[in-house]
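One structure is given below, encoded as structure tokens.
Chain naming here is simple, since letters A, B, ... match the order of the sequence lines and numbering starts at 1 in each. In what follows, every heavy atom counts, from backbone to side chain, and hydrogens, waters and symmetry copies are set aside.
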Amino acid sequence: MSGLILHGRNIVPGVVEGEALVSHEPISGWGGIDPARGVIIERRHELYGVCFTGKILVFPSAKGSSGWSGFFQTTRLSGTAPIGMIVGRISAKSALGAVVTRVPAITDLDADPCSVIATGDWVRLDNSTVEVTKQ
Amino acid sequence: MYLTDDDKRMRDGAEGDAAAAAMDLLIRYGYALDAERLCSIRNVAGTMTQPSPVKARLVAEGGWDKAFAVINLDSDRDLTIPPMRVPTCQLQHGFGPDSVDIVPYPRANVDLQSDGEAFYGRHGVQILATCTPYQVGNLPMRGEHCAWMESSAVIYANSVLGARTNCEGIASTGAASLTGRIPCWGNHLDENRYGTHLISVSGVLVEGFQDWGMLGYFAGSVSGEDRPVLAGSLSRPDLTELKHFGAAAATSGGVELYHIPGITPEAVSVEAAFSGPVPDAVGYGPAERRAVYETLNEIGSSSDVDFVLLGCPHASLDQIRQTAALLDGRRVSASCELWIMAPRALAVMAERSGYTAVIERAGGRVLADSCPAMSRAAPAGTKVFATDSAKQAHYLPAILGIEAWFGTLKECVSAAVTGRWNGGLH
């Protein structure tokens with residue numbers, strides 16, 4: 001086990017810790033996730049069929065429809081939301097999505113989060129800092 | 001984020017609790033974007049009436065006021081929703097009453113949506129019920145700041161009309177409708193409206209609906225969320241071709257703004273489309289065109305077509321006319337259905353012009369309000385569908401688990417009549 005500290009820009013304030021789920025590909029909201037189950041449903045996506053509920057979701061960017069934020073808001077209302085978000089490149093979709101999911105979230109890190117964090121790593125997200133404990 | 005005195009007054013409740021909740025959301029959203037300030041808008045395109053299980057539960061619990069508070073303002077407060085502060089329209093949503101007995105879609109959703117239309121209509125919302133508000137009278141001016149969602153409408157407004165909007169979401173458009181404000185970020189700022197990628201077309205003439213869609217799909221895959229500039233062997237496009245081009249570019253990538261020098265308003269030349277040196281061009285020729293065509297057709301294997309879907313984004317009046325002309329005197333196969341999706345306002349004109357009667361005599365349908373992807377509904381038992389839309393060919397196989405063929409309008413109508421796919425790239 002080893003530790004790693006990343007610094008970035010906070011997008012939703014708060015502190016949370018948990019297990020990372022890392023996507024190297026952008027994530028679609030509408031047509032890309034099933035909010036009732038908290039599962040990625042886009043065919044050919046590297047996380048097809050994987051559940052993000054209760055995980056800290058690490059992904060490079062949001063893609064696709066403007067329904068992105070609404071679908072992630074629905075995960076909160078359905079109890080299937082991730083507990084935190086670490087976003088490589090922010091956009092209107094992912095910024096609003098993190099806000100309405102109401103989970104601590106961060107972007108603009110000093111290293112590519114999708115490269116230095118691996119699925120299963122233990123992550124502590126504290127406003128503008130991310131502490132990664134490699135598993 | 002800098003707030004004006006008016007913003008602070010709204011935040012503090014001077015315009016009522018709902019406007020205060022809306023300003024709270026805009027402040028949280030502006031913080032997330034690192035926006036410097038908000039800008040004023042008086043043109044909002046959002047969605048309020050589209051049925052969903054969560055919305056049905058909220059309406060049952062506390063009426064449409066509660067649904068709007070939770071979903072469109074992201075607020076847990078008990079709010080009474082006032083009239084919209086600025087002009088606001090409803091985009092495409094679920095299927096409406098005209099779909100009953102045609103589309104396998106829950107009657108409860110149709111009724112919930114009709115109830116929502118009445119509520120929001122009373123609050124000043126214009127129920128345009130289309131993904132193409134720009135086809136039915138909502139045409140923002142060049143340079144006008146807007147708050148629109150629907151990726152295919154956003155790219156059209158930015159690129160073809162020269163208006164300024166980000167690809168907003170349900171909560172940000174809801175908050176904008178009650179405040180007339182939106183974060184001044186991204187596409188609202190001059191420096192973010194220059195091109196980033198140059199695509200040069202040669203060896204093939206991009207002409208007609210299908211080719212503009214394929215070029216859009218290519219442009220999106222090349223430029224991702226950035227801003228392509230198109231040059232080279234291009235015909236002069238019309239509204240329907242740029243409608244298809246933009247929808248495709250927003251589907252394969254996340255393009256919200258592009259320039260075609262000499263055609264779209266913000267770039268008079270290739271040089272003017274970029275703020276600095278013109279980048280090396282990415283080529284689009286016969287090989288790239290063929291590759292896009294094959295990507296859009298890779299989900300198709302059975303040539304027995306049981307559903308033909310036209311009108312994505314919602315059809316123009318002339319697309320309905322062309323469909324009627326191709327179907328005139330023919331009959332859709334008993335093993336197939338043909339639907340063309342259109343804004344309700346244009347469906348009314350199609351009926352008045354006699355096009356709908358021709359389409360219905362042939363066994364096809366003109367439907368408004370929605371589409372199979374939005375409402376997750378296709379004719380019962382559909383396994384293989386054909387479409388002239390790159391966007392539907394991309395999304396519908398994933399959403400409904402069916403095979404797709406992508407071709408021209410003529411090929412799609414032919415498939416509807418024969419029940420067989422016989423398309424190919426020419």
Side-chain angles (χ1 to χ4, degrees), chain A residues 8-13 25-36 40-45 48 60-80 85 87-108 128, chain B residues 25-35 45-47 50 52-55 57-58 70-74 76 91 148-154 165-173 175 182-183 185-187 220 224-225 250-254 256 299 373-374 376 394-399 401:
Chain A
R9 185 175 70 76
N10 179 257
I11 43 181
V12 179
E25 298 171 20
I27 289 181
S28 280
W30 182 85
I33 67 165
D34 175 2
I40 300 206
I41 57 162
E42 184 180 350
R43 289 177 173 192
R44 289 181 292 218
H45 196 279
Y48 176 75
S61 60
K63 68 169 180 177
S65 153
S66 56
W68 207 95
S69 55
F71 267 60
F72 274 90
Q73 183 193 52
T74 304
T75 68
R76 172 172 64 76
L77 297 169
S78 307
T80 62
M85 290 188 190
V87 190
R89 179 182 170 186
I90 202 78
S91 65
K93 289 170 204 157
S94 52
L96 185 62
V99 165
V100 300
T101 309
R102 302 191 195 164
V103 293
I106 188 170
T107 188
D108 291 345
S128 55
Chain B
L25 184 275
L26 292 175
I27 291 168
R28 288 189 281 144
Y29 176 39
Y31 171 82
L33 290 169
D34 203 19
T47 184
Q50 160 100 18
S52 72
V54 166
K55 194 173 290 178
R57 173 168 62 78
L58 292 169
V70 171
I71 295 172
N72 299 85
L73 298 177
D74 195 50
D76 300 329
L91 292 162
W148 280 24
M149 54 185 295
E150 169 51 39
S151 60
S152 72
V154 165
T165 178
N166 290 313
C167 196
E168 296 295 347
I170 293 173
S172 58
T173 52
I182 201 73
W185 182 89
N187 298 330
E225 294 181 304
T251 295
S252 60
E256 298 172 8
I299 308 286
M374 280 299 291
R376 308 175 72 92
H394 175 98
Y395 275 121
L396 209 54
I399 290 172

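Scanning all heavy atoms of the two residues, the minimum distance from B/A373 to A/W30 falls at O-CZ2, 3.7 Å.
Distance CG/B/D74 to CZ/A/R76: 5.0 Å, rounded to 0.5 Å. Atom OG of B/S151 is separated from atom CH2 of A/W68 by 15.0 Å, given to the nearest 0.5 angstrom. Rounded to the nearest 0.5 angstrom, B/Y395 OH and A/S65 OG are separated by 6.0 Å. Atom CG of B/L33 sits about 9.0 Å away from atom CD1 of A/I11, to the nearest 0.5 Å. Taken from NZ in A/K93 to CE in B/M149, the straight-line distance is 10.5 Å, to the nearest 0.5 Å.
For chain A, the nearby part of B/W185 is the side chain; its heavy atoms alone come within less than 4.5 Å. Using a 4.5 Å cut-off between heavy atoms, B/I399 touches chain A through its side chain atoms alone. No part of B/L91 comes within reach of chain A, as not one of its non-hydrogen atoms sits under 4.5 angstrom from that chain. B/V70 touches chain A through backbone and side chain together, each having a heavy atom under 4.5 Å away. If you measure heavy-atom distances from B/T251 to chain A, you find no contacts under 4.5 Å at all. Residue A/A62 touches chain B through its backbone alone, counting heavy-atom pairs closer than 4.5 Å. For chain B, the nearby part of A/S78 is the side chain; its heavy atoms alone come within less than 4.5 Å. There is no contact between A/A98 and chain B, counting heavy-atom distances below 4.5 Å.
For the set B/V54, B/N166, B/D34, the count of heavy-atom pairs under 4.5 angstrom toward chain A peaks at B/D34. With chain B as the partner, the residue from A/R89, A/K63, A/R102 showing the most heavy-atom pairs under 4.5 Å is A/R102. Note: B/E225 leads B/R376, B/E225, B/E168 in heavy-atom pairs under 4.5 Å with chain A.
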Output, in order, the C-alpha distance, side-chain angles, deciding distance and verdict of side-chain contact (heavy atoms from CB on, under 4.5 Å) for A/V100 and B/L25. CA-CA 9 Å; A/V100 300; B/L25 184 275; 4.3 Å; yes

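In terms of modelled atom types and a separation under 3.5 Å, the side chain of A/R9 and the main chain of B/A32 share a donor-acceptor contact.
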